[in-house]
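All chains are named by letter (A, B, ...) in the order of the sequence lines, taking the proteins before the strands, and each is independently numbered beginning at 1. The structure displayed is predicted, hence computed values, not measured ones.
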Amino acid sequence: MKNFYLTTTLPYVNAAPHLGHALEFVQADALARAARLAGDEVFLNVGTDEHGAKIAQKAEEEGKNPQEYADEYAVRFKEFADRLAISYDSFIRTSDDGHVSAAQEFWRRCEAAGDIYKAEYEIKYCVGCELEKTDSELANGRCPLHPSLEIEIRKEENYYFRFSKYQEALLTLYENQKNFVVPEERMREIKSFVSAGLKDFSISRRREKLSWGIPVPDDPDHVMYVWFDALVNYVSAIGWPTDQQRFTKWWPVTQLAGKDNLRQQAAMWQAMLLSANLTFSRQVFIHGFITSGGQKMSKSLGNVIDPLDLVERYGTDAVRYVLLRHVSSTEDSDLTPDTFHDHYTAHLTNGLGNLVARVMKLAETHLEEPIARPEMSPFSQEYWDALNAFEFNRVMDLVWQRIQALDERITHEEPFKLVKEDAEKGRTLIAELATELYQIGRLLNPFMPATNEIIKKTILENKKPENLFPRL
RNA sequence: CGCGGGGUAGAGGAGAGGUACCUCGGGGGGCCCAUAACCCCCAGACGUCGGUUCGAUUCCGACCCCCGCAACCA
């Protein structure tokens with residue numbers, strides 16, 4: 001029994017929810033549900049990251065003000081989480097009042113620690129877009145949208161965070177907490193990044209250029225750069241700084257993030273915490289990306305898989321199943337509509353769904369009343385070990401081994417024959433099969449909660465259900 | 001010598017110093033409770049070249065190829 005605070009990385013609302021968000025949400029939710037099952041008290045945080053130039057620009061394109069635009073996306077992401085049956089305890093928005101004041105207080109703390117200073121900042125500016133560009137947005141030093149125009153270098157004065165000061169502290173953190181970043185290769189990567197030396201980073205923008213951000217305390221000319229603001233949500237979501245009791249109850253946090261976020265979550269944010277005199281996160285888990293047909297999903301390639309379409313067609317638990325079992329938890333994985341369909345058919349329709357049907361048909365036909373609600377048998381150590389190591393597919397494999405074993409048992413012990421030869425023995429066997437099916441359902445609870453409910457219900461009512469996973 | 005990952009049966013994945021595992025697909029058989037599902041059996045693979053070793057696909061080195069990232073991309 002412990003308190004377990006878990007957070008996803010807040011999606012930036014510049015685009016619709018995609019499969020990568022779904023992966024992270026579902027992984028986080030599986031951990032949260034499993035922990036609750038183990039008796040832990042759990043706080044699962046999700047939400048939306050809403051500030052910055054990109055958002056202001058998108059809003060303008062759609063003829064809205066940024067807040068209206070963000071409101072719409074917040075609703076979209078919330079519905080998205082609901083469609084995936086994410087059992088979140090908090091949906092934070094970085095435009096929430098509480099978050100805004102928390103970010104400002106956080107800034108003041110860092111400033112008080114002497115870690116915020118003003119300096120010249122060089123930006124690369126495309127006059128065609130009227131926007132600042134990052135190196136990775138440029139192709140051959142030019143804006144891909146306006147290749148005929150020269151990128152202008154503009155200078156402006158910004159606030160900086162003294163990241164460089166924290167190199168040693170971060171390396172010490174990585175030494176002391178050997179699983180601070182999971183998996184190991186990401187830990188190596190961040191170590192080598194920090195070892196190579198850190199450059200202070202800019203944390204503000206001139207307000208006249210960009211008003212859609214959190215005002216810098218005591219300086220009306222600047223707003224916070226969105227990174228700084230967004231990261232603070234991990235503490236503001238649990239009441240910092242106003243509700244210390246709540247904060248201490250939950251902190252430190254276990255974070256889930258994509259591999260593109262490694263530096264921000266495992267290094268920059270940790271330095272910011274130290275600067276603000278807070279303790280480090282508990283752990284940072286880094287997942288991979290999902291490609292389709294061997295390539296990044298992109299609109300121009302036309303290989304984008306919309307998770308909501310999958311939910312519509314196959315159901316929430318089927319999507320959760322595929323994301324947790326057939327997508328690597330840490331490496332990039334490939335998924336196409338065809339492979340998704342194959343996994344669905346092979347393991348849900350033919351596997352679990354069919355097993356439930358064959359067991360429950362026998363039970364409904366031959367048992368006069370439902371079996372007694374089975375005792376809670378504890379999950380195996382292997383199950384928990386795999387889960388604690390974020391190896392979701394390994395946990396799922398364990399469950400599917402039980403499914404296959406039950407299928408084998410039915411074939412070999414032939415309850416459908418036995419019950420005709422010796423009704424009593426046959427009924428005993430069928431009751432055992434139903435009991436095992438019930439346990440399988442429980443094992444699935446963190447991953448496929450609705451399926452677990454149906455299995456439980458069908459057994460306790462002794463009534464064969466509609467096809468769980470219809471053939472599509 | 002920028003950083004990290006990877007090249008295993010037709011496909012996608014796991015693995016380990018000594019019979020190479022799983023899923024899908026292919027071939028054959030069985031069963032009839034089940035969603036033409038289920039069970040059993042069979043065929044088929046470790047990028048290249050060296051080294052260490054009694055023995056490497058697994059360790060070491062070189063090479064070839066693929067994929068991310070390369071800082072303020074939120």
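Distances from the side chain of A:F201 to the nucleotides B:U35, B:C73, B:C72 place B:C72 closest. When each of B:C72, B:G30, B:A37 is scored by its nearest atom to the side-chain atoms of A:N354, the top-ranked nucleotide is B:A37. Taking the side chain of A:R358 as heavy atoms from C-beta on, and the options B:U35, B:C33, B:A74, the nearest nucleotide is B:C33. Side-chain proximity of A:D342 to the nucleotides B:U35, B:A74, B:C24 is greatest for B:C24. Of the candidate nucleotides B:C73, B:G68, B:C24, B:C73 has the atom lying nearest to any side-chain atom of A:R205. The A:Q404 side chain lies nearest to B:C40 when the options are B:C40, B:G4, B:A74. Closest contact between the side chain of A:A357 and the listed nucleotides B:A71, B:C73, B:A34 involves B:A34.
Rounded to whole Å, atom P of B:G5 lies 17 Å from atom CZ of A:F289. Atom CD of A:E331 and atom C1' of B:G5 are 7 Å apart (whole Å). When rounded to the nearest whole Å, the span between CD1 of A:I190 and C1' of B:A71 equals 10 Å. The CG-P distance, from A:L323 to B:G13, rounds to 15 Å in whole Å. Computed from coordinates, the A:D260 CG to B:C3 C1' distance equals 16 Å when rounded to whole Å. Distance NZ (A:K463) to C1' (B:A34): 16 Å, rounded to an integer number of Å. Note: NZ (A:K54) to P (B:C73) measures 7 Å, nearest angstrom. Atom OH of A:Y12 and atom P of B:A74 are 6 Å apart (whole Å).
Within the nucleic acid shown, A:L198 comes within 4.0 Å of at least one base atom, counting heavy atoms only. Counting any heavy atom pair closer than 4.0 Å across all strands shown, A:H326 reaches no nucleic acid atom. Residue contacts for A:A346: at a heavy-atom cut-off of 4.0 Å it reaches the sugar-phosphate backbone alone, with no base atom in range. Among the atoms of the strands shown, only primed sugar atoms or phosphate atoms (P, OP1, OP2) are found under 4.0 Å from some heavy atom of A:S192. Within the nucleic acid shown, A:D407 comes within 4.0 Å of sugar-phosphate atoms alone, with no base atom in reach, counting heavy atoms only. Contact annotation for A:H347: backbone-only contact, meaning every heavy-atom pair under 4.0 Å involves sugar-phosphate atoms and none involves a base.
Nucleotides B:C3 and B:A43 are separated by 45 Å at their P atoms, to the nearest Å. Comparing B:G25 with B:C66, their P atoms are spaced 32 Å from each other, to the whole Å. On the P atoms, B:C41 is 11 Å away from B:U23, given to the nearest whole Å. Distance noted for atom C1' between B:C65 and B:C72: 33 Å (whole Å). Nucleotides B:G5 and B:A62 have their P atoms positioned 15 Å apart, rounded to a whole Å. Nucleotides B:U48 and B:U35 place their P atoms 48 Å apart, quoted to the nearest Å. Of the C1' atoms belonging to B:G51 and B:A56, the separation is 11 Å, rounded to the nearest Å. Taking atom P in both B:G47 and B:U58, the straight-line distance is 8 Å, to the nearest Å.
Below 30°, between 30° and 60°, or above 60°: for A:W400 and A:Y321 the angle between ring planes is between 30° and 60°, a tilted geometry. Note on ring orientation: taking the six-membered ring where Trp is involved, the planes of A:Y160 and A:Y117 are parallel (angle under 30°, cut-offs 30° and 60°).
For A:E421, the CD atom is densely surrounded, since the number of other residues' heavy atoms within 6.0 Å is greater than 12. Counting heavy-atom neighbours within 6.0 Å of A:K118 NZ, excluding the residue itself, gives a total above 12.
Between A:F91 and A:F77 there is a side-chain heavy-atom pair separated by less than 4.5 Å. Counting heavy atoms from C-beta on, the side chains of A:E432 and A:L429 come closer than 4.5 Å.
In this model, a side-chain donor or acceptor of A:N261 finds a partner on the base of B:A74 within 3.5 Å. The base of B:A37 is not paired with the side chain of A:N350 by any donor and acceptor separated by under 3.5 Å.
Distances shorter than 4.0 Å separate none of the side-chain N or O atoms of A:Q265 from OP1 or OP2 on B:A74. Checking the phosphate oxygens (OP1, OP2) of B:G5, a side-chain nitrogen or oxygen of A:R188 falls inside 4.0 Å. In terms of phosphate contacts, A:R471 brings a side-chain nitrogen or oxygen within less than 4.0 Å of OP1 or OP2 of B:A37. For A:K420 and B:C33, the shortest distance from a side-chain N or O to OP1 or OP2 is below 4.0 Å. The phosphate of B:C33 has neither OP1 nor OP2 within less than 4.0 Å of any side-chain N or O from A:K361.
Each of A:K199 and A:A230 lies near RNA chain B, and the nucleotide nearest A:K199 is the one positioned closer to the 5' end. Of the residues near RNA chain B, A:A196 and A:I403, the one whose nearest nucleotide (by heavy atom distance) lies more toward the 5' end is A:I403.
Of the residues A:R263, A:Q264, A:M268, the one that meets the side chain to side chain contact (heavy atoms under 4.5 Å, CB included) test with A:F201 is A:M268. For the side chain to side chain contact (heavy atoms under 4.5 Å, CB included) criterion with A:F163, the lone passing option out of A:D200, A:V194, A:D115, A:I203 is A:D200.
Stacking of the aromatic ring of A:F416 onto the base of B:C33 is found: the ring centres lie under 5.5 Å apart and the planes are inclined by under 30°.
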A:E72 vs A:K64, salt bridge (Lys or Arg N to Asp or Glu O under 4.0 Å): CA-CA, chis, key distance, verdict: CA-CA 10 Å; A:E72 280 175 23; A:K64 292 165 187 149; 3.1 Å; yes

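Formation of a donor-acceptor pair under 3.5 Å by the A:Q270 side chain with backbone atoms of A:S281 is found in this model.
Both key distances under 3.5 Å define a Watson-Crick or G-U pair, and stretches of 3 or more such consecutive pairs in RNA chain B run B:2-7 with B:64-69, B:10-13 with B:21-24, B:26-30 with B:38-42, B:47-51 with B:59-63.
Rounding to the nearest 0.5 angstrom, the gap separating the CG atom in A:L273 from the OH atom in A:Y166 is 10.5 Å.
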